[in-house]
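Input: a single structure, listed below in structure tokens.
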Amino acid sequence: MPRKRALKKLPRSFYNRDALHVAPDLIGKILVHRFDDRELRARIVETEAYVGPHDLACHASKGRTGRTEVMFGRAGHAYVYLIYGMYKMLNIVTADVDDAQAVLIRAAEPLGGWQADLSGPGKLCRDMHITRGQNGLDLTADELFLLDNPDDHPKITRTKRIGIDYAKEWTHALLRFFDADSPAVSKPRQPA
DNA sequence: GCGTCGATGGCA
DNA sequence: GCCATCGACGCG
């Protein structure tokens, strides 16, 4: 057996690429949230790519506003927003400054003996204590960050994105990615 | 197991 | 007036 090695934080260069490539590469990576002398870890199993202002499902398609400002900023920062008045969504800003792309973290598996149902973007934020106060956080710092997981090689399935039926021709783009073997993926699992 | 519905608040 | 959601309900 190979000796256990300390996992490394994902560097800025990992995030500074197209969301189309970052989204599948995030499957199997480890999300870490440190707060109040606690540390919660989870293995990411489901993501969605929002590929820029031309993508009608991407919030950046509405232009640069107070809400979408961080998406137009540097890669490797958190974009957290409120939806339906009660759920937070955690996204990761990718690509170059002014190229507004992001990856939505949709589901994960709790790690380290901690029990939680993280099978959906709202549940993930609720149970990992992610709030709008974390909007704009630098993910290469020490509060909220991701670790590489080089020995993890998930089998990845692609489907259309969830809950964006208003997005016309972008509705059917295969921009949702998940670990085909994980029980923590949200529904539906079928490539509808 | 399914489909449908309502909660709830920030934003444009 | 819209949501990148979730959980409760009714069905049969």
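Within every chain, numbering begins at 1; the chains are lettered A, B, ... in the order of the sequence lines, protein sequences first and strands thereafter.
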(request) Could you tell me whether A:Ser186 contacts a base, only the sugar-phosphate backbone, or nothing, with contacts defined as non-hydrogen atoms closer than 4.0 Å? (result)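 Nothing: the residue A:Ser186, judged by heavy atoms under 4.0 Å, touches no strand.
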(message) What's A:Ile164 touching, base or sugar-phosphate or nothing? Going by heavy atoms closer than 4.0 Å.
(response)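 Sugar-phosphate: the residue A:Ile164, judged by heavy atoms under 4.0 Å, touches backbone atoms but no base.
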Taking [atom1] from [X] and [atom2] from [N], how many angstroms apart are they, rounded to a whole number?
X	N	atom1	atom2	value
A:His59	C:dC3	NE2	C1'	8 Å
A:Glu69	B:dG10	CD	C1'	17 Å
A:Leu90	C:dT5	CG	P	14 Å
A:Asn135	B:dG9	CG	P	19 Å
A:Arg161	C:dT5	CZ	P	12 Å
A:Met71	C:dA4	CE	P	12 Å
A:Leu56	C:dC2	CG	P	17 Å
A:Leu104	C:dT5	CG	P	8 Å

[X] side-chain N/O to [N] phosphate OP1/OP2 under 4.0 Å:
X	N	answer
A:Lys123	C:dG7	yes
A:Arg176	C:dA4	no
A:Arg126	C:dG7	yes

Thinking salt bridges, do [X] and [Y] make one under a 4.0 Å N-O criterion?
X	Y	value
A:Arg43	A:Asp152	yes
A:Asp142	A:Lys9	yes
A:Asp98	A:Arg64	yes

(request) Could you tell me whether a side-chain N or O of A:Gln134 sits under 3.5 Å from a main-chain N or O of A:Thr131, the two making a donor and an acceptor? (result)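 Yes; at least one donor-acceptor contact below 3.5 Å.
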(message) Strictly distance-based, threshold 3.5 Å: is any side-chain N or O of A:Glu48 a donor or acceptor partner for the main-chain N or O of A:Val103?
(response)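 Here the side-chain-to-backbone pair does not exist.
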(message) Please list all pairs meeting salt bridge (charged side-chain N to carboxylate O under 4.0 Å, His left out) that have one or both residues in residues 118-139 of chain A, counting only residues at least two apart or in different chains.
(response)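 Salt bridge (charged side-chain N to carboxylate O under 4.0 Å, His left out) check on residues 118-139 of chain A returns A:Arg12-A:Asp138, A:Asp117-A:Lys123.
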(message) With the threshold set at under 4.0 Å for non-hydrogen atoms, list the residues of residues 79-89 of chain A touching DNA chain B in residue-number order.
(response)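 When residues 79-89 of chain A is checked for heavy atoms under 4.0 Å from DNA chain B, the hits, listed by number, are A:Leu82, A:Tyr84, A:Gly85, A:Met86.
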(request) State, to 0.1 Å, how close A:Leu104 and A:Tyr50 come at their nearest heavy-atom pair, and which atoms those are. (result)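 That would be CB-CE1, 3.9 Å.
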(message) Using 0.5 Å steps for rounding, measure from the OH atom of A:Tyr15 to the NE2 atom of A:His77.
(response)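 Those atoms lie 10.5 Å apart.
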(message) If I take atom CG from residue A:Asp96 and atom CG from residue A:Asp18, how far apart are they, to the nearest 0.5 angstrom?
(response)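 The distance works out to 8.5 Å.
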(message) For the C1' atoms, the ones on B:dG10 and on C:dG7, what distance do you get once it is rounded to whole angstrom?
(response)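 It works out to 22 Å between them.
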(request) Extract the stems that DNA chain C is part of, considering only consecutive pairing runs of at least three Watson-Crick or G-U wobble pairs, both distances under 3.5 Å. (result)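 Consecutive-pair runs (3 or more) involving DNA chain C: B:1-7 with C:5-11, B:9-11 with C:1-3.
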